[in-house]
Structure formats: structure tokens, C-alpha cells
S.K.: 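I am attaching a structure below and will ask some questions about it afterwards.
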Number of protein chains: 2
Amino acid sequence: MGIAPCCMVKGKLNLPSKSYQRIRSDHASEVAEDYVEAIADAISERGVCRAMDLVKHFAVTHATVNNTIARLQRDGLVVTEPYQPIDLTAAGRRLATQSRKRHEVVESFLKAMGVSAATAATDSEGIEHHVSKETLNAMKRVLADGWPSNP
Amino acid sequence: MGIAPCCMVKGKLNLPSKSYQRIRSDHASEVAEDYVEAIADAISERGVCRAMDLVKHFAVTHATVNNTIARLQRDGLVVTEPYQPIDLTAAGRRLATQSRKRHEVVESFLKAMGVSAATAATDSEGIEHHVSKETLNAMKRVLADGWPSNP
DNA sequence: CGAAAAAGTTAGCCAGTGCTAACTCAGGAA
DNA sequence: TTCCTGAGTTAGCACTGGCTAACTTTTTCG
Ligand SMILES: [Mn+2]
Ligand SMILES: [Mn+2]
Ligand SMILES: [Mn+2]
Ligand SMILES: [Mn+2]
């Protein structure tokens, strides 16, 4: 799921160190994922997404939202024009949907595990970006069928 | 668990957006946590930790390790002198122990959930930094007593 | 011992993600 | 209609954490 930053120069590497490359790549796409999700939410809740919605949502400044949106536009996830609301491209919508699904699984899983709603909300927001397909499937399985080897 | 970067200016904020501040702060301490853990491992496995050990472990260049170690030294987690091995301060050792414990819980939890060892190793490496005390305790509880409301 | 190889250092670059400050624009109240 | 205010923009800065390239030091080995 992701956009590559400058520091993702890949090399031929032996196994153990590969984990850290995955994590660096996870982090590179993290902000994009959170933004498209937030933009999709704003649009479905309030009809449009304005920069101020994101300022409040992420607790960052105006200027930061502007920079980030410019990057997302550069990367083809978002479209906006001066003083206009922010919209998602098809690719942005796809990423938003996919990210939200994964996010929901992680959050539900934490709650099912006995974690409070508030903590589940906060922790899932960070954890979601590091959950591989395999782990996500394991979470879904536990939510559906219970913990392994428990009838 | 952590060191504050420039961009951690805090303000009086309403609840929802606070999650993202937590995550930014998690990320700020992430590299420090992984490094002290790797340094502690190298010392216990090979007696000393050399920069090259970290180069291989993290799949980054020499120069990057050097920069990072300088930051960790600045932050009082590490001591080293030119051309000498890298050692941990008391604070560094504390952070390493704490981080390793948390890491082990997360990794064991993923494996207990049915995730393969390789995926558990990779995913836990990113997830660990976003697991709050409460979620960590929930994981320990599940490992010890099984999934909630299962006799 | 001496030279080549390995390890470490330093300088200079870049992108991401945050900030403040100063500006411009748009829309509503007086 | 004018002006104030809030929203948006832009410029300029700092720090993290990547990189390459050129250099120095240390270690190893013939
Ligand atoms: Mn998130
Ligand atoms: Mn993360
Ligand atoms: Mn770890
Ligand atoms: Mn880690």
C-alpha cells in the first residue's frame, strides 16, 4: 500500500534486516492512508472536506495540512484547487476504502480482546499501518471463529 | 517511552485528535527503541556492538548508523568514542530491557494467534511501538488466560 | 613490516513532516 | 457597501532519517 520516499533505496539484502525495510515503507504510506481516510470521512459526514477539517482531525497546523495535501495531489490521491474543498481521486477513494477496512478490523480486534474503546481507537490508529495481510486475516479469523484451538 | 523531536509542540486539544499526537510521539521514540535493543543484543551475543552490526541489522548505510548513534548519544542512551565499540548508558539499558519485553509479548501474541513466525517477526517490529500499556496487558492476559469469555 | 581491505568518519545532499509568521481571499455583519 | 474575521496560501525554518562520496583509521594478512 504505498508511496515511496527518498529514503527507500532498496538493495539486495539478506533476510533478517528486511523487516526494517518493510517498516520504513509502512511509515512512508502512513500519512497518506490516514489522510485519505479522514477526507473520505469528512466528505461522507459533511458533504465536503475542507482543510480546517483536517487541521482539527490531526491536530496539526494549517500549513502542515497544505503541504501534505500538495504531496497527496502530487501522488495522485487527491485533487483540489485554491480555496476549494479537497476531493479524492479514484485511487484515493480506493486507498481510503482499503485502509478503513483494515483499520476497522484492527480496532474491533482490540476491543474484542478487552481493551477499552478509547485505547482501542488510539492504538489501532498506529498499529493498522504495520499489519500485514496475513496478520489481518488472523485477526478476522479470531473475530469470526474465536481464538485458535478453542472450540 | 520517549524522546521529543522538534515537531512535538503540544497544545490544548480536544479528545479525538489526541490519538495522532500519541502516534507522532511513538514514532519519535521508535528508532531509539530499536537501536538500543539491537545494541543490547549485539553486546550479549558478540561481547561488543560495532557500527557494522547495526548496518547489517537495519539494512541502512554506515553514514546513517553514525548519524543515529550521534543522536542517541546526544539523548543520553549510548556512549561511544571514535573507532570504539558502542555501549549503552544505564538509561539505554533500561530502555532496551523495557522495549525487548514489550516486543516479545507482541511477537508471542501474534504467533499464538496463528501468524507464521516470519510474519510475526516482521509485523511485531512495527506494531510494538504503538502498543499502549493497556493493550500490552490485554495481550499478556490472553497469552496467560486465553481469549476473553472462554472458560 | 607494509599494503590492501574493512571499518569508521565527515561533508553535503534530499524528502518527509512538523512549525511560525506574514500574507491573501471570501463571506457575513454592521 | 465596507470592513472584519476566518480560511487558505506561501515562505522560511528545524529536525529526522535516509543517501552518496571522499576521506581516515584500524585491522588483517602475505
Ligand atoms: Mn492510522
Ligand atoms: Mn509506526
Ligand atoms: Mn523491538
Ligand atoms: Mn521495532
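Chain A is the first sequence line, chain B the second, and so forth, proteins listed ahead of strands; every chain is numbered from 1. Keep in mind it's a predicted model, so treat the numbers as computed, not measured.
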S.K.: Using the side chain to side chain donor-acceptor pair (under 3.5 Å) criterion, which residues pair with Asp123(B)? Sequence neighbours excluded.
M.R.: Arg22(A), Ser132(A), Thr135(A)
S.K.: How is Val55(A) classified with respect to the nucleic acid when contacts are heavy atoms under 4.0 Å: base, sugar-phosphate, or nothing?
M.R.: nothing
S.K.: For Glu37(A), what residues pass the side chain to side chain donor-acceptor pair (under 3.5 Å) criterion, not counting sequence neighbours?
M.R.: His103(A)
S.K.: Please report the end-to-end axis angle for the helix from dC1(C)-dG30(D) to dA30(C)-dT1(D), five pairs per end, rounded to 10 degrees.
M.R.: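 Inter-axis angle at the ends, rounded: 0°.
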S.K.: Can you list, in residue-number order, the parts of residues 38-53 of chain B that come under 4.0 Å of DNA chain C, counting heavy atoms only?
M.R.: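 Arg50(B), Ala51(B), Met52(B) - these, ordered by number, are the residues of the stretch whose heavy atoms sit under 4.0 Å from the strand.
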S.K.: Where the side chain of Asn66(A) is concerned, which of dT17(C), dG8(D), dT20(C) is the nearest nucleotide?
M.R.: dG8(D)
S.K.: What about the rings of Trp147(A) and Phe109(A), do their centers lie closer together than 6.0 Å?
M.R.: no
S.K.: Using the side chain to side chain contact (heavy atoms under 4.5 Å, CB included) criterion, which residues pair with Ile69(A)? Sequence neighbours excluded.
M.R.: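 Side chain to side chain contact (heavy atoms under 4.5 Å, CB included) list for Ile69(A), sorted by chain: Tyr35(A), Ile39(A), Leu54(A), Val65(A), Leu72(A), Val78(A), Thr80(A), Ile86(A).
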S.K.: Check side chain to side chain donor-acceptor pair (under 3.5 Å) between Glu107(A) and all other residues, then give those that pass, not counting sequence neighbours.
M.R.: none
S.K.: Tell me, please, which residues at least two apart from Arg141(A) pass salt bridge (charged side-chain N to carboxylate O under 4.0 Å, His left out).
M.R.: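 Arg141(A): no salt bridge (charged side-chain N to carboxylate O under 4.0 Å, His left out) contacts found.
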S.K.: Once ring pair (Phe, Tyr, Trp, His ring centres under 6.0 Å) is applied, do any residues pair with His130(A), and if so which ones, sequence neighbours excluded?
M.R.: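 Only His27(A), His130(B) meet the ring pair (Phe, Tyr, Trp, His ring centres under 6.0 Å) criterion with His130(A).
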S.K.: Using the 3.5 Å cut-off, write out each protein N or O paired with an N or O of nucleotides 21-26 of chain D and the distance between them.
M.R.:
residue, atom, partner, partner atom, Å
dT25(D), O4', Tyr83(B), OH, 3.0

S.K.: Which residues pass the side chain to side chain donor-acceptor pair (under 3.5 Å) test with Thr68(A), not counting sequence neighbours?
M.R.: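 Scan of Thr68(A) (side chain to side chain donor-acceptor pair (under 3.5 Å), adjacent residues dropped) gives none.
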S.K.: Should Thr68(A) be listed as having a side-chain N or O under 4.0 Å from OP1 or OP2 of dT17(C)?
M.R.: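 It does not, given that no N or O in the side chain of Thr68(A) lies less than 4.0 Å from OP1 or OP2 of dT17(C).
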S.K.: Could I get the full list of side chain to side chain contact (heavy atoms under 4.5 Å, CB included) partners for Glu104(A), not counting sequence neighbours?
M.R.: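 Only Arg100(A) meet the side chain to side chain contact (heavy atoms under 4.5 Å, CB included) criterion with Glu104(A).
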S.K.: Using atom CD of Gln21(B) as one end and atom P of dT17(C) as the other, report the distance to the nearest whole Å.
M.R.: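 Checked: the CD to P distance equals 17 Å.
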S.K.: Going by salt bridge (charged side-chain N to carboxylate O under 4.0 Å, His left out), name the pairs with one or both residues in residues 43-52 of chain B, residues two or more places apart or in two chains.
M.R.: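 Every salt bridge (charged side-chain N to carboxylate O under 4.0 Å, His left out) pair that includes a residue of residues 43-52 of chain B, provided the two are not neighbours, is Arg46(B)-Asp53(B).
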